[in-house]
Amino acid sequence: MSAAAAGGNAGGGALPGGGGGVPSALCCRQRRTAASMGGYELVRSDDAAAGGGPDLESGANSSKAAAPPSPSPAAPQPRLVSLDVFRGITVLLMIIVDDVGGFVPALNHSPWDGLTIADFVMPFFLFIVGVALTLAYKRVPDKLEATKKAVLRALKLFCLGLVLQGGFFHGVHSLSFGVDLAKIRLMGILQRIAIAYLLAAICEIWLKGDDDVDSGLDLVKRYRYQLYVGLVLSFMYTILLYGIYVPDWEYQISGPGSIEKSFSVKCGVTGDTGPACSAVGMVDRTVLGIDHLYRRPVYARTKECSINYPENGPLPPDAPSWCQAPFDPEGLLSSVMAIVTCLIGLQFGHIIIHFEKHRGRITNWLIPSFSMLAVALLMDFVGMRMNKPLYTISYTLATAGAAGLLFAGIYSLVDVYGFRRPTITMEWMGKHALMIYVLVACNILPMFIRGFYWRDPNNSLLKFIGVGA
């Protein structure tokens, strides 16, 4: 659930597969060579140069710290280790959810309202995309060229998601591959990340002020136009979610013997946030077409649709007509708030750039994180429920707040106090997040293991490694 490196630099990428950044005891300054847009060099801050232990009062801003000679251009550039560790933890969580979620409800996505551990995976990726973007676009010599590269990267990522999740690998068990273009799934995880990345990258390239930053309020002032974009998107989403009239609608599915079965769903409402009559589903059905939506909706595990709730099961005798209808959890309207999550990540990344002391960074991460969590809980209490399929505002704030707290904790342990050895596996996974996502989550590795055998299909690699023997 990640993406390829972005930002066009050797030191770090803006998408969660490329990683990149600066260690906490290090700071970054613009590379004077024009080798790559958004590149930066790394220089040690006072605490690192002194060789002392971790100090919360020493930070990472080269504009205010004396810097020894920078490494040669050919030298490998250090990374913000906590960025990779955060991404690696998210990848591990994604794998656990995919492989164990079907057996442990607490590790599976919530059937509709409410949050489980699995519901944090997508927002965490989007959040870290925003953090990494600030490092990739710390300096932008040519805004038009940077925008062109961002568009190209987003397009590549979107196309990769279309191939991986559009239906081509649907025949994992039968090894029958191919896509009916009339029913290809248009949206997906990588497509959503591509959209959020592109909008956040454009904001980071074009919507930055030149105000000096000495406090959190100065930071808000410098990036106020990015915050305005987030507020406008949130306001627009709220109006559409609660203001669009949803009429009755119909859909068809293939039954036994390829017989088409038709269902009619009664709605005729405004402001409904249930599975059947939400504006999110209506927008996707209207714009994308119902045949291009995800065909295994999460609400199939609700009490109304599953005898084995909260697990998948047979339909109850009195199941409502919408239980088997397609619904895309990464649809168009819900992706609006996914962009907001990425923009929130941008603001957390700006703190790395502008605050030189560890304590200042951590403080400026914790305050908005706890504030977002408090507002999210209040919204949920008054009826604006946390809901991942709809990507509601309360869900956006709750998951972004949790991401901020987790990132601050990882930064403190890894980059401030140097607990590298216990997290080295997570760091490696974070650096190779896209590869792991493609191999594991998109069934490439399972297909390789099961797709080659000797004479008998049961003589696959699984037999030789003792699985299923």
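Everything numeric here is computed off the predicted structure, so don't read it as measured data.
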Derivation of the side-chain contact (heavy atoms from CB on, under 4.5 Å) call for L83 and I128: CA-CA 7 Å; L83 196 71; I128 214 64; 3.4 Å; yes

With a 3.5 Å distance limit and no angle check, can you tell me whether [X] reaches the backbone of [Y] through a side-chain donor-acceptor pair?
X	Y	value
N308	E311	no
D218	S215	yes
W428	G88	no
H292	R185	no

Would a 4.5 Å heavy-atom cut-off, applied to side chains only, mark [X] and [Y] as touching?
X	Y	answer
I95	I436	yes
F125	L190	no
T341	Y391	yes
N108	P310	no
L219	N364	no
F370	L405	yes
P275	F327	no
T399	F127	no

Work out which heavy atom in [X] is nearest to a heavy atom in [Y]; give both atom names and the distance.
X	Y	result
V129	C342	CG1-SG, 3.5 Å
S82	D415	OG-OD2, 2.5 Å
K143	I205	CE-O, 3.4 Å
L397	A376	CB-CB, 3.9 Å
G216	F355	N-CZ, 3.9 Å
G313	S306	N-OG, 3.1 Å

Which residues pass the side-chain hydrogen bond (donor to acceptor under 3.5 Å, both in side chains) test with [X], sequence neighbours left out?
X	answer
T90	none
T134	none
T302	E304
T392	S394

Could I get the full list of side chain to side chain contact (heavy atoms under 4.5 Å, CB included) partners for [X], not counting sequence neighbours?
X	value
L406	F86, F124, I410
T425	M429
L115	D119, F120, M386, Y395, A398
A400	I344, M372

Between S335 and R192: side-chain donor-acceptor atoms closer than 3.5 Å: yes

E330 side chain to Q191 side chain, donor-acceptor N/O pair below 3.5 angstrom: no

How many angstroms lie between [atom1] in [X] and [atom2] in [Y], if you round to the nearest 0.5 Å?
X	Y	atom1	atom2	value
L293	M187	CG	CE	10.5 Å
K138	H354	NZ	NE2	8.0 Å
T273	L241	OG1	CG	7.0 Å
L157	L198	CG	CG	10.5 Å
D284	S334	CG	OG	6.0 Å
R361	I351	CZ	CD1	10.0 Å

Mind checking ring pair (Phe, Tyr, Trp, His ring centres under 6.0 Å) for [X] and listing every partner two or more places apart, or none if nothing turns up?
X	value
W206	none
Y228	Y225
F235	none
Y294	none

side-chain contact (heavy atoms from CB on, under 4.5 Å) between N312 and R296, intermediate numbers included: CA-CA 10 Å; N312 286 304; R296 297 189 297 274; over 6 Å; no

More than 12 heavy atoms of other groups within 6.0 Å of K208 NZ: yes

More than 12 heavy atoms of other groups within 6.0 Å of I424 CD1: no

L346 vs H350, side-chain contact (heavy atoms from CB on, under 4.5 Å): CA-CA, chis, key distance, verdict: CA-CA 6 Å; L346 276 185; H350 294 150; 4.2 Å; yes

Residues V336, L240; criterion side-chain contact (heavy atoms from CB on, under 4.5 Å); working and verdict: CA-CA 11 Å; V336 171; L240 294 176; over 6 Å; no

